[in-house]
Asks: 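I have a structure here, written as structure tokens, and I will follow up with some questions on it.
Fair warning: this is a prediction, and the values are worked out from it, not measured in the lab. Proteins come first, then strands; the chains are lettered A, B, ... in the order of their sequence lines, and each starts at number 1.
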Amino acid sequence: MENTAPSTNVIEVLSLTRRYGALIAVDHLNFSVASGTTFGLLGPNGAGKSTLIKMLTTLLPPSEGTAKISGFDLVQHPELVRKKIGYVSQMLSADGDLTGYENLLISAKLYGMPRSERSTRIAQALEFMDLAHVSGKLVGQYSGGMIRRLEIAQSMLHRPSVLFMDEPSVGLDPSAKRSVWERIGELRREFGTTILMTTHDMEEADHLCDMVAVMHRGVLAAMDTPAALKAQVGAEASLDDVFIHFTGAAISEGGELKDVARTRITSQRLG
Amino acid sequence: MSLAHESHLNVWAEPFPGANYLRQTMAVAEADIRKLIHDPVELFTRMVQPVLWLLIFGQVFNRARAIPTGGISYLDFMAPGILAQSVLFGAIFYGISLIWERDLGIVQKYLVSPAPRSTLVLGRAISSTVRSLCQMVFVYLLSYILHIQLRFGIFALAGVVLSVMLGSAIFSTFSLIIACLVKSRERFMGIGQVLTMPLFFASNAIYPLSLMPAWLRVVSKVNPLSYQVDALRTLMIVGSTTSFGLGKDFLMQFVAFAVVVVVATKLYPTIVI
Ligand SMILES: Nc1ncnc2c1ncn2[C@@H]1O[C@H](COP(=O)(O)OP(=O)(O)OP(=O)(O)O)[C@@H](O)[C@H]1O
Ligand SMILES: [Mg+2]
């Protein structure tokens, strides 16, 4: 049952569909992600990116179809899939009433890590994410960038084969964003983790992703390497142009309202 | 900086079968208990209610002698009921923290972990018992000050501890079920208010079953709170007699706990949908 060949697809999405009432948020998606690569999902607000990630992380049961993560079927063996994945959600969601150290400790225990393994990994993770000096502080007092770094550390503590990140750098200032990117790049090099991430930040997609897909109304409007997508749209095109080309003006229309709401949620968490 | 060269397999030998299950359950409880240690205010606010009931309601009815209590004073009769009540009121709103943590994205982190869903439910039940034991210590202190005829035998005390923990585990898990069904904080508060009083008054907490009209007696006999109160009264107070028998008291509490855990485990993942 286990996937034996290391160089094959670690994520295989098979006709995956999610309906909310009459709305089809994710519409019979089919794609795959090769082992060790970083896959970026772009798309306007409401395109279905988070819904897709929630299904792939077993939080949301698909209405139709399935996916295989590290060779395990999401619908048939969610408990096996969970051992293989890490998840950084769109919201800043480390537990604000616990310290940074405690957040990591509880995670480590949930993943069944024995005591000896726990202490070294937690110490390393805090060091690596540059959080050692605040590890005893309540996360409620952290800045957004610190929370994000903590969450990435938390999601990697058990060394998942696949890491899902829903807008990892949303709400971060440019330098915090850079430092999160560096950490993501390094984790990938060290552990060969396959990453599926969503983003609204074209620079981020360009910087981190080997493959990019543009999602629109529940389907993939385009999928290729960032360079190939840009070439497809025009000689001087940026990923921004690619985005607009494949989704119309959606980013400026449907986008605004939800963007504002999300920023508010983020600032609530930070404030 | 190098993080590599550890095993990517994450297969750790269990020191004994079930060790992982236990570790995961306790991790869920630990998270909540650590929060309580960071901010214990809640423990103190929970002390107000039993003081009011015992000092005001209890003193007045103690004098009135209006309620047949089988040879013990009314204050003695009601003290175990008030302990059960304070545990119930503390536990019945426990589920709102699940909704709150769902809104913050915290519950989702537990759900993407490989911890079996039942450990997520049991862990929360355990953390609620820790709160209830603090309440028990407080009600004992208060009862002692009020000269209530307390039993202090080791088995009696152990039985009280067990019954307090079971009561808290039953009603906090029941509260999780409600949270999973209603999903929003506002609706939860509404339903919580509506449920507590009937649970309390349709029980033997502050008057005996013999005073109730027949229909209410029937309701009381399926109310787990009645069995908890009966066990507490028998084990806590010198000279009190049991209505159901201690064996049945504990059996019914265990059965109620098993039922709510099974249902809550089934519903828990739906809180995020
Ligand atoms: N729980 C829900 N109930 C009903 N509809 C939902 C629910 N969650 C999402 N939707 C709808 O499904 C569609 C896809 O939402 P989703 O959150 O997946 O978009 P997204 O691509 O992540 O957007 P964003 O960039 O704003 O995060 C939207 O139209 C949204 O309104
Ligand atoms: Mg989203």
Asks: Which bit of B:Asp32 comes within less than 4.5 Å of chain A, counting heavy atoms only: side chain, backbone, both or neither?
Replies: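 Looking at B:Asp32, nothing touches chain A.
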Asks: Taking A:Asp97, A:Leu110, A:Val81 one by one, which has the highest count of heavy-atom pairs under 4.5 Å against chain B?
Replies: A:Leu110
Asks: Taking every heavy-atom pair that is under 4.5 Å apart, which of A:Asn103, A:Leu98, A:Leu105 has the most such pairs with chain B?
Replies: A:Leu98
Asks: Charged N to carboxylate O under 4.0 angstrom, B:Lys109 versus A:Asp95?
Replies: no
Asks: Could you have a look at B:Gln24, B:His38, B:Glu14 and say which one has the most heavy-atom pairs with chain A under 4.5 angstrom?
Replies: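 Highest number of heavy-atom pairs under 4.5 Å: B:His38.
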Asks: Side chains of A:Ser50 and A:Gln90: donor-acceptor distance under 3.5 Å anywhere?
Replies: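 There is such a pair (donor and acceptor under 3.5 Å, judged by atom type) between the side chains of A:Ser50 and A:Gln90.
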Asks: In terms of heavy-atom pairs under 4.5 Å with chain B, which of A:Lys54, A:Lys109, A:Gln154 leads?
Replies: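 Highest number of pairs under 4.5 Å: A:Lys109.
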Asks: Considering only heavy atoms and a distance below 4.5 Å, find which of A:Glu102, A:Glu79, A:Arg189 pairs most often with chain B.
Replies: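 When all of A:Glu102, A:Glu79, A:Arg189 are compared, A:Glu102 has the most.
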Asks: Less than 4.5 Å to any heavy atom of chain A: does that hold for the side chain of B:Val272, its backbone, both, or neither?
Replies: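 Interface part for B:Val272: side chain.
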Asks: Does a donor on one side chain and an acceptor on the other come within less than 3.5 Å for B:Tyr21 and B:Ser118?
Replies: yes
Asks: Please check if the side chain of A:Arg118 supplies one atom and the backbone of A:Met113 the other of a donor-acceptor pair under 3.5 Å.
Replies: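 Checked: pair present.
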Asks: Tell me whether the centres of the aromatic rings in B:Trp53 and B:Phe89 are closer together than 6.0 Å.
Replies: no
Asks: Is there side-chain contact between B:Arg124 and B:Leu98, with heavy atoms separated by less than 4.5 Å?
Replies: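 Result yes, sub-4.5 Å side-chain heavy-atom pair found.
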Asks: Can you tell me if B:Ser172 and B:Ser168 form a side-chain donor-acceptor pair at under 3.5 Å?
Replies: no
Asks: Out of A:Thr99, A:Leu60, A:Leu59, which one racks up the most heavy-atom pairs below 4.5 Å with chain B?
Replies: A:Leu59
Asks: With respect to chain A, which residue among B:Gly123, B:Pro114, B:Ala115 yields the maximal number of heavy-atom pairs within a distance under 4.5 Å?
Replies: B:Pro114
Asks: Could you have a look at B:Gln108, B:Glu101, B:Met26, B:Arg34 and say which one has the most heavy-atom pairs with chain A under 4.5 angstrom?
Replies: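 Heavy-atom pair counts peak at B:Arg34.
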Asks: Relative to the ring of A:His158, is the ring of A:Tyr111 parallel (under 30°), tilted (30 to 60°) or perpendicular (over 60°)?
Replies: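 If you compare the ring of A:Tyr111 with that of A:His158, the planes turn out parallel.
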Asks: Count the heavy-atom pairs under 4.5 Å between each of B:Ala27, B:Pro269, B:Ser113 and chain A, then report the option with the highest count.
Replies: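 Of the candidates given, the most pairs with chain A belong to B:Ser113.
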Asks: Which atoms of A:Thr58 come close to chain B, meaning under 4.5 Å heavy atom to heavy atom: side chain ones, backbone ones, both, or neither?
Replies: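 Looking at A:Thr58, just its side chain touches chain B.
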